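Here is how names work: the chains are called A, B, and so on, in the same order as the sequence lines, proteins then strands, and each is numbered from 1. Worth saying up front: this structure is predicted, and the values here are computed from it rather than measured.
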Amino acid sequence: MARYSIFSLARHALRHHEDWPRAWRDPQPKPAYDVVIVGGGGHGLATAYYLAKNHGISNVAVLEKGWLGGGNTGRNTTIVRSNYLLPANARFYEHSLKLWEGLSRELNYNVMFSQRGVLNLAHSDAQMDAYARRGNAMRLNGIDAVLLDRDGVRDMVPQLDFSAAARFPIRGGLLQPRGGTARHDAVAWGFARAADARGVDIIQNCEVTGILREGDRVTGVETTRGTIRAGKIGLAVAGHTGHVAAMAGLRLPIESHLLQAAVSEPLKPLLDTVVTSGAAHVYVSQSDKGELVFGGDLDFYNSYAQRGNLPAIASFTTALIALFPGFGRLRLMRHWGGVMDMTMDGSPIIGKTPLRNFYIDGGWCYGGFKATPGSGWVFAHTIANDAPHPLNEAFSLERFASGHVIDERGAGPVPGAH
Amino acid sequence: MPPQPFRLPQGGRIDRSRSLAFTFNGRRYDGHPGDTLASALLANGVALVARSFKYHRPRGVMSAGAEEACAFVQLGEGARSDPNCRATQIELFDGLTAASLNCWPNVQLDFGVVSDRLHRLLPAGFYYKTFMWPRRGWLTYEKLIRRAAGLGRAPSEPDPDRYEKRFAHADLLIAGGGPAGLAAALAAGRTGARVILADENGEFGGQLLWRDAEIDGEPALRWVERSLAELSSLPEVRLLPRSTVAGYYDHNFLTVLERVTDHLSPFAAPTATPRQRLWKVRARQVVLATGAIERPLVFINNDLPGIMLAGAAQAYIRRHAVRPGGRAVIFTNNDSAYETVAALSEAGVAITAVIDARAGDTAAAEACLRRGIEVLRGHAVIDASGGHALREVTVAPLDGSATALAGAASTLRCDLLCVSGGWSPTVHLFSQSGGKLAFDAASGCFIPGESRQAERSAGAARGSFDLAACLAEGHAAGLAAARAAGFAGPDSPPPQAPAQAMSPIRPLWEVPSPHQGRRDRKFVDLQNDVTAADIALAAREGYRSVEHTKRYTTAGMGVDQGKTGNLNTLAILAGETQGAIPAVGTTTFRPPYTPVTIGALAGRGVGDFYDPVRKTPMSPWHEARGAVFEPVGKWRRPLYYPGPGEGMEAAVRRECLAVRNAVGLCDASTLGKIDIKGRDAVTLLDRVYTNSWGSLAIGRCRYGLMLKDDGMVFDDGVTTRLGERHYLMTTTSGHAEAVFGWLEEWLQCEWLGLDVYLTSVTTHWATAMLAGPRAREVLAAAGTDIDTSRAGSPYMTVREGHVAGIPARLFRVSFTGELSFEINVPARYGLALWETLMAAGAAFGIEPIGTEALHVLRAEKGYIVVGHDTDGTVTPYDLGMGWIVDQKKPDFIGKRGLRRSDLVRTGRRQLVGLLTDDPAQIIPEGSQIVRSGASLAATPVPMLGHVTSSYWSPALQRSIAMALIEGGQDRQGEAVEAVLPDRTLRAVIGTSRFYDPEGVRLHG
Amino acid sequence: MADAVPVARSPLAHLPEAAREMRDDLAVSLRERPLLGLLNLRLDAASEAAQRVKAALGFGLPGEPNRATGEGGRSALWLGPDEYLVVTEPGGEAALARSLAEALQDRGAVTDVSDGRTAIEIAGSRARDVLATGCSLDLHPRVFRAGQCAQSGLAKARIILHQIDDRPGYRVFVERSHAEYLWLWLMDAAAEYRAAT
Amino acid sequence: MLLIPCPWCGPREEGEFAPGGEGHIRRPEPQAASDQDWAEYLYYRTNPKGLHFERWVHAAGCRRWFNVARDTVTHEIRAVYKMSENRPEGL
């Protein structure tokens, strides 16, 4: 793998960048692999990378039906945080956040992880109480958390509406200073390049059309590029988890819903923190290119249509103005939809399934991007050892039968609880 | 310099009788009505308008429409300042001010240009390869990059303008008011169909506004005028100028952004009129007549000011009466640019030569030669030079494959280069609609393939560039759409235009370089400064999917969304990957077509109209009394009623003591109320509550707890039997709608047979809660015909009669632990009742009670508040309320859920009382609880639970708290610690029934 | 105090006089019709009880969805396959509720909801434009005429819309706690069209 | 933005309706049901990419629940039918 650095960049500049090597190969699929990962998004690629790096398993193929990172990796609003209340979530996402902190150098690919802080706004005393509870829990879990009062929020985000007439009065907020954003495409590309360098076959334009079973055991996949045998199969297809799992005859506690997101035209810096408001159902940050990146709620009906829809856009742009009256004159440049794999308790499923050699990493709801390195880490462990890592033991399918759900929001049995 | 040195003496669609003064970069200029900012700048000889996004290269006006990739400006100042506006779409008004973007100190001398000098270090994706050192270094580099990036500046004040939205329903929506769109509107409008015709320009006519054409044997513009006159006379046709069809969504739902007053000075605009209006159109049928966009040609330095699309040059001459240059060269690979040649000579622009990539003879070229204009056939412009303005171009012959040069180069002086690389149909809306594109090799562009919605493309939008064809297709599409929408009205003859003979285009995606390799900078995406070399680099590194190329190089990701650059990007990528263009595929076009003002998406749903604030009949009294409110769902409820100079703490203490010692009055009108009638009413109650209801006598009340089917607590409240088959259910204020909807869902989806009718009467009744030892005396003083004595109205009963002369239901229930009545009267009398009770109560020390005092009072009794002490993961057993779960009932919602293994395990979090060792200390709600003596240093620290409710109890003169604690009910007497950010508080677990545990007082 | 006559107030009663009516007969006028008698009627239209109800009402219930029937000051609006809103003149609700209850004879249900909603009347040549700013219903005369009714949203309030004549004039029934919000919203939305005449 | 044909009110905008998730889910006999059965009823869903049988309520309209057969990719609505009715044949 040709190392990237300011020096190599300068060296190549002299040759007009005419002999940069490929970031990853474009191999033909082999007839069989030790492990086949279905899904060439951040999660699948990270899993392949850690299988090779942590577990020495490099006879691995990552099968992507389209182009790498073309699903939710390339559609999400790139927020990275670990500000969770429940121990299982807190431990897992904090592990992931720690991996983020070293990721650019780990992969020798700048994923532009920007720890600019993630701020949850509180608009009522009840919300302040809830954030106090969460902040206290975070600190006890060893996660950075700062409870801000009104003035503390004003110092960080003066553009918010602090007037008496504000529809969402600012009572304060919960800040995780180590949270932030990252460059979504770069995460997929960086993991792909690093996994490829360790011998992983990354195969694009290869859609899985069937999963081969012998009794309660999976043995391979049918694809648009032929049959591929596999010792083990790991599923990392986010919004399509239910769809692909059905090929193996599995039904899951997951519904696929559309999440809308949008960017504004590029502007000079005006927002240095990730700001989210649960009450207003909107979150916003500013990309390095200058675009405001914002999103809100689901469409709330099952959908695999990766396209924009107006109602959600209208409601969260309205909320955005309610929070930031100065944003009303800006223009929305692009909006789109991503397919979210919503579990019924809002927490992911990472682990074994009723089928042998068949593993699932899915049910990410809105939270998949920030989990990318962490889920790759524990999913690789789960596949390599046929047993979960301590960090993903709680995220098992069994929890739905026992009732030991991980309901961060406490909303009961509804899709998109989180 | 004379005023408007480049203004033509006559012609054009401008009003020379009026002058409009405007300011650009601090300098004052004049223009005329009919000008855009771009045409006015050109008329004044301003060639340098902006600096580019990445390299800060000088840029001028390169188009005359929405496709503009260079001439972006900051429009206006202060609160109305508008970033990233296309000079080509800004209609000039008197007093307009604008400034160049992304340059410092000014557009002439821009220090940012240093990045242009360093360009070799900054190829596509350079930032992915560096800035990784030191470990946390990125935050520092990022600051610099962020400052360099971005275009315009956001205004800092709130937007003072008004925006509207409205729904519209149409049999046919037509996007684009050019020849095809107008023909479609006429054909459909004449059948009586409801037609909306939207065009993004201030004038209808599209290219007819600047092309020299004939329709039905008269000048095209006459036909446009007659067509508009007829359309305006048709009652069901709506013409929307300055209106961009922005988004095409499912089921033929489209958005149209109408710029109502943007063409007026903000001070001239009528006040009640919105600045912009977002139309939400549900159309039975759609015709896309969105025209086509001309493609630039890709050669070295093809981004200099003075290099302009050929069609745009023609538009500036014929529509705006502006001479876009003094000495011109035309560079084309197709016939369309020859119209520009004619226009240029009419305008008296010296024409050095026409450079036609096509080697063979063409009628168009012959015509030029006859007029003595030199035409270099089989040639290309390979380079351009000049600083802030074009000075000369270098031309050379092309070889047969157009991939290499076939001879010596020569230079031509000029200050204007008109380029035409052919035309790309504007297929954005078609693509948004879900339709798949097809590549038309003959004209070298993507055209609409099969439709996925009730939609038709017509004219140039469909790849038909000949006027006669545009008119015919538009007419046919309009008529077919009307028929499909069910209109049999008359057909009319389609408008006619003489057919034009056109010679074929010679595709030329990238002009070959004089040098080897990829050292030259030929811009493909002028907005984001993406060069052909960047595309090649992406392909070389393996970013070969068009989406990868786009994201890696940022081609097509700019404000112009790559309208001019998309196809050239694809073609160059195809070349690099030895693929065919259709194989490379096209990127998906995401809405909107052009950026939409966020304020317009919000419309009037801002400020007080953001969300309804629900008010009770007593709200005016609370407001007059100066109550402090808190949101409860969409309601605003009094939190407390401050006395003169009184803070929350003191007010709440006063209110609590009033209830314990005298009497208080609380507005409980927000409580959910559901009227239940029917023979199976009691069956319903037995199924949705955990306890049994068969035994409830008429006139009696009972408390009930509702679970979801997972066994978790959902809501609670008192339900009263009013008649043989008639009950009244109350719910929490926050859950009223949810409970009502949930009951309906069970009745309509699961229990279809039940004879039960639910009616929400929440707001039909106003509810005043009178609580305290002297409540009876207040009722007596207010006047009532109901026997309120202990015997006459025992605890948990209802009586009907009158209070203060108002028909009332008197519920003897208590949420405070005191003698208490909930008085329900028809809402119209709510305020009258309240005022009467306050007056009658004065003698007994009555106080109005807010929700905070109410919460303190109920907490003293250990009563839960669903959603406060519970969170959707709590069972009745967790709350110590197993007594209300009747396991003998065959079934109720949640019964099976409660049996699941995790819900019956030991060690679940259970609700308990907490008393701090120091009675003066109040544990903040939300505090986490840990074992006493647990070390907070070694994280993660095991947490036993958290505090759900915590108050100062005026009655007990100490703090009290409720908490959910692991195995709490077996930990009575155990000491724990509540963790605060800065310290811990020691407390002991006990019962949560802090006050009057025997309930003597409420039976009072 | 007991014999003091209690004051009945509509949900808009507290607004200043000037803010409680908008008269512009050319374009659009707005006014409240306070304290109408409103009864929620539930019954199976096919049952024989429906015949007795017809007698009690003086006219038949609407036979098809989103239609209204009526006579004099009374009307019946279709709300659902077994649900109707019976509207009568102020004060008439109690008596009518009694006679309907008798007619029902333990079938279905009748419930007084007079205080749960108020009615706002909007009329004039631009009334459709004003409603279109916040209501997704197609009110074009080809589609929606006098004698039709529908439930929908207007701005962020849920409404029952009843076209009462061809001016056009509409009755907007809105839930009481939302009445002030909707009234102010309508006044605001009407401003543009009012100025336009 | 969907246009949903309510079986009673006819075509109305998406905003008037509330989705209720997958339809035709049978509530198991509580006594007989295992924890897994109960989980399947509460949480497990078919979630097809394509034709989906689901239920909606015309929340801002006639307040009636009804069944919808909708394609989750194209959003084409293939059928609507009342709660009392079975899945239409041949979809």
What part of A10(A) lies closer than 4.5 angstrom to a heavy atom of chain B: side chain, backbone, both or neither? both
Using non-hydrogen atoms and a 4.5 Å limit, figure out which bit of A23(A) sits close to chain B: side chain, backbone, both or neither. both
Beyond-backbone contact of R544(B) with W67(A), side-chain heavy atoms, under 4.5 angstrom: no
Determine whether the aromatic ring centres of W24(A) and Y543(B) lie less than 6.0 Å apart. yes
Between CD of E291(A) and CG of L151(B), what distance do you get to the nearest 0.5 Å? 9.5 Å
Segment of P21(A) engaging chain B (4.5 angstrom heavy-atom cut-off): backbone
Aromatic contact between H335(A) and F589(B), with the criterion being ring centroids under 6.0 Å apart: yes or no? no
Would R146(B) and D272(A) pass as an ion pair if we require N to O under 4.0 Å? yes
Under a 3.5 Å distance rule, please check whether K129(B) uses its side chain to pair with a backbone N or O of N108(A) as donor and acceptor. no
When the 4.5 angstrom heavy-atom criterion is applied to L68(A) and chain B, the contacting part is both
With a 4.5 angstrom heavy-atom cut-off, is it the side chain or the backbone of L121(B) that approaches chain A, or both, or neither? both
Would you check, one step at a time, whether the test side chain to side chain contact (heavy atoms under 4.5 Å, CB included) holds for F131(B) with M112(A)? CA-CA 9 Å; F131(B) 303 128; M112(A) 303 182 190; over 6 Å; no
Heavy-atom proximity to chain A below 4.5 Å, by part of F714(B): neither
Mind checking the CG-CG spacing from L310(A) to L278(B)? Nearest 0.5 Å is all I need. 6.5 Å
Should T939(B) and L140(A) count as side-chain neighbours, where that means a heavy-atom distance under 4.5 Å? no
Honestly, the part of A188(A) sitting under 4.5 Å from a heavy atom of chain B is neither
Output the distance between atom CG (L85(A)) and atom NE2 (H946(B)), rounded to the nearest 0.5 Å. 8.0 Å
Indicate the ring-plane relationship of Y109(A) and Y128(B), choosing parallel, tilted or perpendicular according to the 30° and 60° boundaries. parallel
By a 4.5 Å heavy-atom criterion (distance strictly below it), what part of Q115(A) contacts chain B: side chain, backbone, both, or neither? both
Can you check whether T130(B) reaches Y4(A) side chain to side chain, under 4.5 Å on heavy atoms? no
Flag the one option from G605(B), P591(B), P631(B), A79(B) with the top tally of heavy-atom pairs under 4.5 Å to chain A. P591(B)
Is a side-chain donor or acceptor of R551(B) paired with a backbone partner of G74(A) at a separation under 3.5 angstrom? yes
Heavy-atom donor-acceptor pair, E630(B) side chain to S124(A) backbone, under 3.5 Å: no
Pairing of D250(B) and R307(A) as salt bridge, 4.0 angstrom limit: yes
In plain terms, say whether E925(B) and R133(A) are close enough for a salt bridge, that is, a side-chain N and a carboxylate O under 4.0 Å apart. no
Toward chain B, the part of F113(A) with a non-hydrogen atom under 4.5 Å: backbone
Okay, P924(B) and chain A: the region with an atom under 4.5 Å from a heavy atom over there is neither
Rounded to the nearest 0.5 Å, how far apart are CG of N84(B) and CG of L330(A)? 9.0 Å
Flag the pair R167(A) and D608(B) as a salt bridge only when some basic side-chain nitrogen lies within less than 4.0 angstrom of an acidic carboxylate oxygen. no
For H17(A), does its backbone N or O pair with a side-chain atom of R540(B) as donor and acceptor, under 3.5 Å? yes
Between the side chains of R116(A) and E142(B), is the shortest nitrogen-to-carboxylate-oxygen separation below 4.0 Å, so that they form an ion pair? yes
Heavy-atom side-chain proximity of L601(B) to L332(A) below 4.5 angstrom: yes
Residue part contacting chain B, namely of F294(A), when any heavy atom lies under 4.5 Å: side chain
May I ask you to decide if D82(B)'s main-chain N or O and R329(A)'s side chain share a donor-acceptor pair within less than 3.5 Å? no
Quick check on R183(A) against chain B: is it the side chain, the backbone, both or neither that has a heavy atom closer than 4.5 Å? side chain
Bottom line for D185(A): the part with an atom under 4.5 Å from chain B's heavy atoms is side chain
